[in-house]
Amino acid sequence: AFTSRVMSIREFYAGKNILLTGGTGFMGKVIVEKLARSCPEIGTIYLLVRSKGEHTPQERVDALLESELFALARKEQPDFVHKVVAIGADLEKENMGIEEKDLVLLQEKVNIVFHVAATVRFNEKLKIAVQSNVLAVRRMVEFVKKLKHGVAFLHTSTAYAHTTRAVCEEVVYPACFEPTKLLNLVDAIDEKMADSLTAQLVGDRPNTYTFTKSIAESLVASERPEIPTAIVRPSIIGSTWKEPYAGWIDNFNGPAGLSLAAGTGVMRVMPGNRDVLADIVPVDCVANFTITVPWFIAHRAPAADVRVFNLTSGGMNSCKWEAWAQICMESYRKFPLEKRVFRRPRVAFAHADSWEFWFRRQFWHILPAVVTDLLTSLVGKPPRMTKTYQKLDRAVEEYRFFTTHGWKWENRNGQAMLASMSEEDKAGFDFDFSKMHWPTYIENQCVGVKKFLMHEDMARVDVARKNQRNMKLMNFLSKALLMAVLVKVLLPYLRRRGLVGSAWLLLVPTLMMVKA
C-alpha cells in the first residue's frame, strides 16, 4: 500500500520567509538561533527591531549574531548571517512604524509570522502595558491580514493569562474587558488617570502583564487573519536545557535572578508555598515548540480556528519550589560564585503572612543588612546592603503570587503535536521535557548564571570553593563569638538585675542568627 510521507520540519521551512518580533529578547533570539542552525534551507528571517541609542536596527542584529549564543550556528551554518535581516519598526505605530518600501517587501515575501515581542515587566504601568501587549498585537494582526503568501501566524501569550481559573483549558476565554474599548479608554486618558484605574481594571489578576496578555488573546481570536493561527502559552521560561549549550541564560528575570540572589547568600528566606510547583520550561524547549507549531497547524487547523497550546511542565514533569531552592543551594555549594558573595548560600520558603517569614526576614535579611552597612560606613565606604534588600523585596514581591498559587493546564494539543512528529523531528526539535532530570537542569542553570551572567571563569572554581570554605570558617567563628558574648557578658548582667527570664528574648533571635 502507498503511504505518503509527512514533510519534516526542516523541509517545511525550506524556502519560507519568516517575520519575527522580539528577536533581540531572551526567547526570540533562541528561536532565531535554532532556525538558523537547524533549518539551513530557510529563506529570509526578518526581525522587526527598534533603533536603540546610536545603534541602528541592523547594527543591533549584527551584534546579536556575533554573540556567544550563535557560536555553534556560526560554526555549523556559517552563511546564515546573510539570511537574517533587520527591519526598523515601532510596533505600536500605524503599520508598525515600518517604512513603505519595507512594508511592501514584507507583505510580498513573508510566509510565517512569530509575534513574540511584549513588555514582560509584571507591574508595568497600564498605558505602557496596553500599548505593548494589546495595541502592538492589533497592529500585527492587521499586517498579517495583508500578507500575499501567508502560511501561519503564531502569537506568544503566557500560561498565566488566566490566573482566575484553577484549570486552564486550551481555548480562548472571553475577555474580561473588550479589547477595542480598552484601547480607546487608555488612549483617551492620561497616565495619572490610568494609574488610578489600574487596580479596578486588573481585578483579581496579579498584575498588568497577565491582564493585558489575556486581552491580547481575545483580540487575536476576534480579529484573526484568514490563515492558520495559533496562540502559545509558555509558563515561566528558564535557562536552556540542551541547546545550543546547557544552562545558557542572558537575563536576571525569573528563576535565574532568584537563584543568583540565593547563591550569593543575599536571599535567605522567600515567601511561598513549599508544595506549589515551580512550573519552569527551558527556553530551548519553548523555541523548539514554537517553531514546530506552524508546521503542525499549516495543514491541520482550519483558517477559522485559533489553536491554543499550553506549554507547561507541571503536568508532565513536576518540581516543587522548595525542591528547586534546595537543588540550587547544593549546586552553588558545588560550583560557588566568586563575585558579590555576601554569605554562604542557604534559602528557606515560608508563607508570606506567617510569623516564620516575618521573623526570618528580620534576622536573616534586615539585621545583617543594617549591621553590614554600619560597618561599611565606619571604614569610609558607601553602604549598599539595605538598598540591595529593598530591591530584593520588590523583586520577590512580584513573584510571590506565582510561588504561593498553583494551577493545572490542559496540554492535549501539544501532546497531539508531539505524537505527529517523526523520530527525526523529535530529536531535532526536542520539547519533550518529561525526560528532563530536574537536579541536572537546575545545576546547569546555576552554572549558567555563573558563566553567562556573572562572567566568571570556571577554571577558577577552586578559588571560589576556597573562598566558600573561608566564609564558612568565619561564619562559625563569628557565631561562636556571639554566643560567648551572650553567655559571658549579657547573662551575668541580667542575673545581677534579676532579669534572667529576659534572656529568652535574646536567646531566640540569637539562635535564629546562629542558624543563618
Side-chain angles (χ1 to χ4, degrees), residues 26 30 159 234-270 272-289 311-338 341 343-350 396 399 402-404 406 409 411 426-427 430-454 456 458-459 461-462 464-465 468-469 472:
F26 178 47
V30 178
S235 52
I236 301 170
I237 303 179
S239 60
T240 57
W241 174 25
K242 295 185 293 187
E243 296 183 82
Y245 321 104
W248 181 85
I249 186 78
D250 77 339
N251 65 84
F252 293 100
N253 297 329
L258 295 176
S259 77
L260 176 64
T264 55
V266 173
M267 183 172 70
R268 284 294 182 87
V269 60
M270 184 172 176
N273 185 328
R274 295 179 176 92
D275 294 324
V276 167
L277 300 182
D279 209 295
I280 300 168
V281 289
V283 66
D284 52 333
C285 289
V286 178
N288 285 333
F289 190 97
L311 179 56
T312 61
S313 61
M316 296 172 61
N317 185 4
S318 62
C319 177
K320 295 181 179 180
W321 277 112
E322 185 174 43
W324 175 86
Q326 292 306 311
I327 297 169
C328 278
M329 296 308 94
E330 294 169 7
S331 301
Y332 281 122
R333 287 166 186 160
K334 186 176 178 181
F335 300 101
L337 295 165
E338 188 176 355
V341 178
R343 291 175 290 190
R344 293 177 62 244
R346 175 181 291 167
V347 68
F349 270 81
V396 167
Y399 282 98
F402 304 99
T403 58
T404 55
W409 290 274
N411 68 341
K426 287 179 181 179
D430 190 7
F431 56 82
D432 184 10
F433 39 76
S434 65
K435 304 174 296 185
M436 187 174 73
H437 182 241
W438 278 102
T440 301
Y441 172 74
I442 295 170
E443 180 178 294
N444 287 335
Q445 168 206 274
C446 295
V447 172
V449 168
K450 181 178 175 69
K451 289 171 59 178
F452 301 113
L453 293 184
M454 301 304 289
E456 295 186 6
M458 291 302 293
V461 69
D462 287 338
R465 288 169 180 159
Q468 190 174 80
R469 288 194 296 270
K472 182 178 181 180

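Just so it is clear, the structure is predicted and the values come from calculations on it, not from any experiment.
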Atom of [X], atom of [Y] and distance for their closest heavy-atom approach:
X: F349; Y: N273; value: CD2-N, 4.5 Å
X: L258; Y: M267; value: O-CE, 3.5 Å
X: V461; Y: K334; value: CG2-O, 4.4 Å
X: N251; Y: A256; value: O-CB, 3.7 Å
X: E443; Y: S331; value: CA-OG, 3.3 Å
X: F452; Y: G247; value: CD1-O, 3.7 Å

Only counting residues at least two apart or in another chain, list the ones meeting salt bridge (charged side-chain N to carboxylate O under 4.0 Å, His left out) with [X].
X: R465; answer: D462
X: E243; answer: K34, R37
X: K451; answer: none

Test item: [X] side-chain N/O and [Y] main-chain N/O as donor-acceptor pair under 3.5 Å:
X: N317; Y: M436; result: yes
X: S434; Y: M316; result: no
X: Q468; Y: P336; result: no
X: T312; Y: W409; result: no
X: T240; Y: W248; result: yes
X: D250; Y: F26; result: no
X: S313; Y: I280; result: yes
X: Y399; Y: G254; result: yes

Side chain proximity check, [X] to [Y], heavy atoms < 4.5 angstrom:
X: L311; Y: F433; answer: yes
X: E456; Y: L337; answer: yes
X: S259; Y: Y332; answer: yes
X: L277; Y: K320; answer: yes

Value rounded to 0.5 Å, distance of [atom1] in [X] from [atom2] in [Y]:
X: C446; Y: I249; atom1: SG; atom2: CD1; answer: 11.0 Å
X: N444; Y: H437; atom1: CG; atom2: NE2; answer: 11.0 Å
X: I327; Y: C319; atom1: CD1; atom2: SG; answer: 5.0 Å
X: T404; Y: R274; atom1: OG1; atom2: CZ; answer: 13.5 Å
X: T264; Y: R343; atom1: OG1; atom2: CZ; answer: 9.0 Å

Next item on the list: Starting from the C-alpha separation in whole Å, work towards a yes-or-no answer on side-chain contact (heavy atoms from CB on, under 4.5 Å) for R333 and R346.
Entry: CA-CA 9 Å; R333 287 166 186 160; R346 175 181 291 167; 4.0 Å; yes
Next item on the list: Check the pair D284 / K242 against side-chain contact (heavy atoms from CB on, under 4.5 Å), numbers first and verdict last.
Entry: CA-CA 7 Å; D284 52 333; K242 295 185 293 187; 3.9 Å; yes
Checklist line | Candidate pair V447 and M458, rule side-chain contact (heavy atoms from CB on, under 4.5 Å), full reasoning | finding: CA-CA 9 Å; V447 172; M458 291 302 293; 4.0 Å; yes
Checklist line | Working for side-chain contact (heavy atoms from CB on, under 4.5 Å), residues W241 and F431 | finding: CA-CA 10 Å; W241 174 25; F431 56 82; over 6 Å; no
